[in-house]
Amino acid sequence: MTELEKVLNLTQEEKGWQESPVSLPLLITPYYLSLIDPNDPDDPLRRQVVPTVSENLEVGLETPDPLAEVDHSHGERLIHRYENRVAFLATDLCAQYCRHCFRRRFTGNMHGPATQKEVSEAASYLSEHEEIKEMLLTGGDILTLSDSELFSMIEAFRKARPSLVIRLCTRMPVVLPSRITDELIAGLKKFNTAAFYLMVQFNHIRELTPQAVSAVAKFVDAGIPAMNQSVLLRGVNDSADALEELCNALVAARIKPYYLFQGDLVTGTSSFRVPLEQGMAIERELRRRLSGLAMPVYALDLPQGGGKVPLCGSYIEGMQDNMWKFRTPDGQERLYPSS
Ligand SMILES: *Cc1c(COP(=O)(O)O)cnc(C)c1O
Ligand code: SF4
């Protein structure tokens, strides 16, 4: 904090944050810091990375692990929550820490990369479970691993299951675009027995800098499609205008808006959560304004490990004389036969 005070005019709320053994570390990349307006306490980028006193609170139904990931884990790092896909926590480290991080029970605990033993155990699990079609390589941020650490993990998983689709989940193009080097991309291209997808997290249009856009373009040019998972965050992107701008800019940058997540009930994140009703109103408005391509699925990962569910209003009003009754986004009525 004292170092941060030299570059940002800190508010009382920010100064009141207390680092503790359970808190997420404070770490901001110089690149991301350079995007922040030092004199605007409400800067949407600053909100994502500068902690405030509210993080020291545990409010209402908050828990450290609302998705019950620990209950669905095999070993420390493999989460098998959905039958046909798994998440592997390759490392707990990130280049910078997002104050809204939902996996803070694990993230930033300084355990570091998965050991060879953990990787080979996960690889044998994959070989024994042919029903698994996709693996999310996540954490933490996988691009805090060196290229060779990352490639050796991918090699083990590709060896066990050559046709497994691998999602590379990382915020690095947003927080440290220079990490996306030609060597990284060339190395990934060698593991070409199945598809990779890049899963990135842009939450605000100002994060889509020329550097960030070209970092993502390296993946896309190499045949790795890019998907975005935003989090709906109070004071960052909680308006139809902010998300409309973001989603259109993402599409222009060849990044498909995939999910818009409602905030999970994670300890210390109450200042970011947007009431569901407001979120659903934003979703309805976005559906009117955005193309199908630009429209993300607004979703909630249900508490106690209930899994992800889409949060979109229904346009079906019911059945009338063997006709389905619909409400158009503009509020008009339409009918469609039931058979
Ligand atoms: C979100 C998630 C997935 C992927 O879900 P999709 O809806 O396919 O994107 C897989 N495993 C875990 C544990 C997850 O949290
Ligand atoms: S990059 Fe991902 S894992 Fe790391 S702090 Fe941000 S949200 Fe959490």
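Whatever order the structure lists them in is the order used to number ligands and atoms, beginning at 1.
When heavy-atom distances to ligand 1 are checked against a 4.0 Å cut-off, L136 comes that close only through its side chain, counted from C-beta outward. At a heavy-atom distance under 4.0 Å, no atom of R104 approaches ligand 2. Of all the heavy atoms of K308, the ones lying under 4.0 Å from any atom of ligand 1 belong exclusively to the side chain.
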Candidate pair F219 and F196, rule ring-ring contact (aromatic ring centres under 6.0 Å, His included), full reasoning: CA-CA 9 Å; F219 288 92; F196 287 112; 9.2 Å; no
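Close approach of ligand 2 to Q201 (heavy-atom distance below 4.0 Å) involves ligand atoms 7 (S). Of all the atoms in ligand 1, the ones that sit under 4.0 Å from a non-hydrogen atom of Y258 are 6 (P), 7 (O), 8 (O), 9 (O).
Between E55 and R99 there is a salt bridge, since a side-chain N of the basic residue sits under 4.0 Å from a carboxylate O of the acidic one. Salt-bridge annotation for R104 and D264: absent, with no side-chain N of the basic residue lying under 4.0 Å from a carboxylate O of the acidic one.
Cation-pi contact between R334 and W324: absent, since separation from the ring centre below 6.0 Å together with deviation from the ring axis within 45° is not met. A cation-pi contact, defined as under 6.0 Å to the ring centre and within 45° of the axis, links R85 to Y82.
Atom 5 (O) of ligand 1 has R85 NE, 3.3 Å as its closest protein atom, hydrogens excluded (heavy atom only).
In the hydrophobic clustering of ILVMFWY residues, with side-chain heavy atoms under 4.5 Å counting as a link, V309 and F261 come out apart.
Distance alone, capped at 3.5 Å, is enough to place a donor-acceptor pair between the D141 side chain and the L143 backbone. Between the side chain of K117 and the main chain of A114, no donor-acceptor pair closer than 3.5 Å is present.
With sequence neighbours excluded, the residues that form a side-chain hydrogen bond (donor to acceptor under 3.5 Å, both in side chains) with S271 are S54.
Ligand 1 has R167 within reach: a non-hydrogen atom of the residue lies less than 4.0 Å from it.
Neighbours of atom 4 (Fe) of ligand 2 restricted to protein N, O or S atoms under 2.8 Å: the count is 1.
Between the side chains of Y258 and S230, no donor N or O sits under 3.5 Å from an acceptor N or O.
Among Y82, F261, Y259, the residue whose heavy atom sits closest to atom 7 (O) of ligand 1 is Y259.
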